[in-house]
**Q** 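Below: one structure in structure tokens.
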Amino acid sequence: MAIVFVFFADKMTHNWRLTLSCVATFSIFFFIVWLLKAQNFETSGGAEVKNDYSYGKAVKDPFVWKFALGFGAFLFLYVMTLTSLPPTLVNAYSNFKPGTMICAVSGGGMVGTLLMLKIKVERKRRPILLVLGSAAILAIAGAIFLAGISPLVAYTLLFISGIFLFSQYPIYLNIPHELPNMNPQKSTLLFGVIWALTYGFYTILNVIWSMILGAGGLLSANIFYVIVSMIYLVAIILLPETYRKK
């Protein structure tokens, strides 16, 4: 969708009905593909675990808050590269192309996704996430601060960051499924609360970033962006190690 907006920006922004129709069409298409191709899987607890988990327990679960906070910081790191950062960078550096930035991150994300379809991660989760998370933050930080000096280097770093971001995305999202005594009902309720909290955190961070941008300028906003994204690394350290050697 990001690439569609890059190549057909004028048409997609000219009519909101056309834009929402395109988004809805993509959503329906991939939903149908998922229905046809998705496979059932067992969580770590299996089917014999008692289903006594509830939304009340999920809200009180410390794991949910730590995971959602980290996920919110991860979304802040990733989504901003496709939404708020491109137009602010082009306003500061006229030779920087926001469309190229979006394609670089999206293209790297596609490569990272394809890699993870082929790679089976049979090792501890936290060390991998810390390395990939740190690399992604460093790559994006380098890109936004080099955007006005060498756009080509910035685009290259953004492409690399896309690979790092989507190489860790499935590992992080699979952590709740790997918790002890996990079952389908518990994972469904747990993720319902996680998604709500995650986007709440992300929205708050986005609003604060916008306020800093308006009051202190691009440099202050970018520094805030990089530092706050590191909350993701802190969350990884606080989360339990879920990998168990079979």
Side-chain angles (χ1 to χ4, degrees), residues 43-45 53-85 105 109 112-113 116 121 123-141 143-144 161-183 185-213 216 220-243:
T43 51
S44 62
Y53 203 68
S54 64
Y55 280 117
K57 290 184 177 180
V59 171
K60 298 175 183 178
D61 191 341
F63 170 84
V64 170
W65 288 87
K66 288 184 285 188
F67 187 89
L69 184 60
F71 196 15
F74 179 87
L75 283 185
F76 184 60
L77 173 69
Y78 157 57
V79 177
M80 291 284 284
T81 61
L82 303 178
T83 54
S84 300
L85 285 179
V105 177
T113 300
M116 294 309 294
V121 183
R123 60 181 65 243
K124 291 184 177 181
R125 309 315 191 200
R126 290 194 301 181
I128 298 175
L129 291 172
L130 285 173
V131 171
L132 292 176
S134 300
I137 292 172
L138 287 173
I140 294 175
I144 60 179
S161 74
I163 297 176
F164 289 145
L165 285 168
F166 274 81
S167 295
Q168 65 194 296
Y169 198 55
I171 301 175
Y172 189 78
L173 279 183
N174 205 43
I175 287 178
H177 295 292
E178 297 176 336
L179 291 173
N181 300 321
M182 183 56 64
N183 59 72
Q185 185 203 31
K186 182 176 180 179
S187 65
T188 300
L189 296 176
L190 185 141
F191 267 104
V193 177
I194 283 176
W195 281 108
L197 292 175
T198 294
Y199 276 93
F201 291 142
Y202 164 74
T203 301
I204 292 171
L205 293 176
N206 207 330
V207 170
I208 296 174
W209 178 86
S210 300
M211 294 172 63
I212 293 175
L213 177 65
S220 299
N222 285 342
I223 292 174
F224 171 81
Y225 167 70
V226 173
I227 292 176
V228 169
S229 296
M230 294 180 185
I231 294 175
Y232 172 63
L233 303 179
V234 176
I236 293 172
I237 296 173
L238 296 176
L239 290 175
E241 176 57 61
T242 56
Y243 173 69

**Q** Test of understanding: with side-chain contact (heavy atoms from CB on, under 4.5 Å), list the residues that count as partners of Ile204, not counting sequence neighbours.
**A** Ile208
**Q** Quick check for you: to the nearest 0.5 Å, what is the distance between Ile194 atom CD1 and Leu69 atom CG?
**A** 12.0 Å
**Q** Among all residues two or more places apart in sequence or in another chain, which pass the side chain to side chain donor-acceptor pair (under 3.5 Å) test with Tyr78?
**A** none
**Q** Can you list the residues that meet the ring pair (Phe, Tyr, Trp, His ring centres under 6.0 Å) rule with Phe63, with sequence neighbours excluded?
**A** Phe67
**Q** As a quick check of understanding, evaluate side-chain contact (heavy atoms from CB on, under 4.5 Å) for Tyr172 and Ile175, giving each step before the final call.
**A** CA-CA 6 Å; Tyr172 189 78; Ile175 287 178; 4.2 Å; yes
**Q** According to side chain to side chain donor-acceptor pair (under 3.5 Å), does anything in residues 226-241 pair up with another residue at least two apart or in another chain? List the pairs.
**A** Gln168-Tyr232
**Q** Taking the side chain from Arg126 and the backbone from Leu239, do they hold a donor-acceptor pair closer than 3.5 Å?
**A** yes
**Q** Yes or no on side-chain contact (heavy atoms from CB on, under 4.5 Å) for Ile237 and Leu233, after CA distance, side-chain angles and deciding distance?
**A** CA-CA 7 Å; Ile237 296 173; Leu233 303 179; 5.6 Å; no
**Q** Check Phe191, Trp195, Tyr199, Trp65 against Phe71 for a ring pair (Phe, Tyr, Trp, His ring centres under 6.0 Å) and give me the one that passes.
**A** Trp195
**Q** For Phe76, enumerate each residue passing the ring pair (Phe, Tyr, Trp, His ring centres under 6.0 Å) test, keeping only those at least two apart in sequence or located in another chain.
**A** Tyr225
**Q** The criterion is side chain to side chain donor-acceptor pair (under 3.5 Å); which residues satisfy it with Asn206, sequence neighbours excluded?
**A** Tyr202
**Q** Would you please name every residue forming a side-chain contact (heavy atoms from CB on, under 4.5 Å) with Leu189, sequence neighbours left out?
**A** Tyr53, Tyr55, Gln185
**Q** About how many Å separate CD1 of Ile231 and CG of Leu77, when rounded to the nearest 0.5 Å?
**A** 11.5 Å
**Q** Output all residues satisfying side-chain contact (heavy atoms from CB on, under 4.5 Å) with Leu238, sequence neighbours left out; order by chain, then residue number.
**A** Lys66, Val234
**Q** Roughly how far, to the nearest 0.5 Å, is the NZ atom of Lys57 from the CG atom of Leu190?
**A** 13.0 Å
**Q** Among residues at least two apart in sequence or on other chains, which ones pass side-chain contact (heavy atoms from CB on, under 4.5 Å) with Ile128?
**A** Val121, Arg123, Leu132, Ile171
**Q** Just jot down the side chain to side chain donor-acceptor pair (under 3.5 Å) partners of Thr242, sequence neighbours excluded, or say none.
**A** Glu178
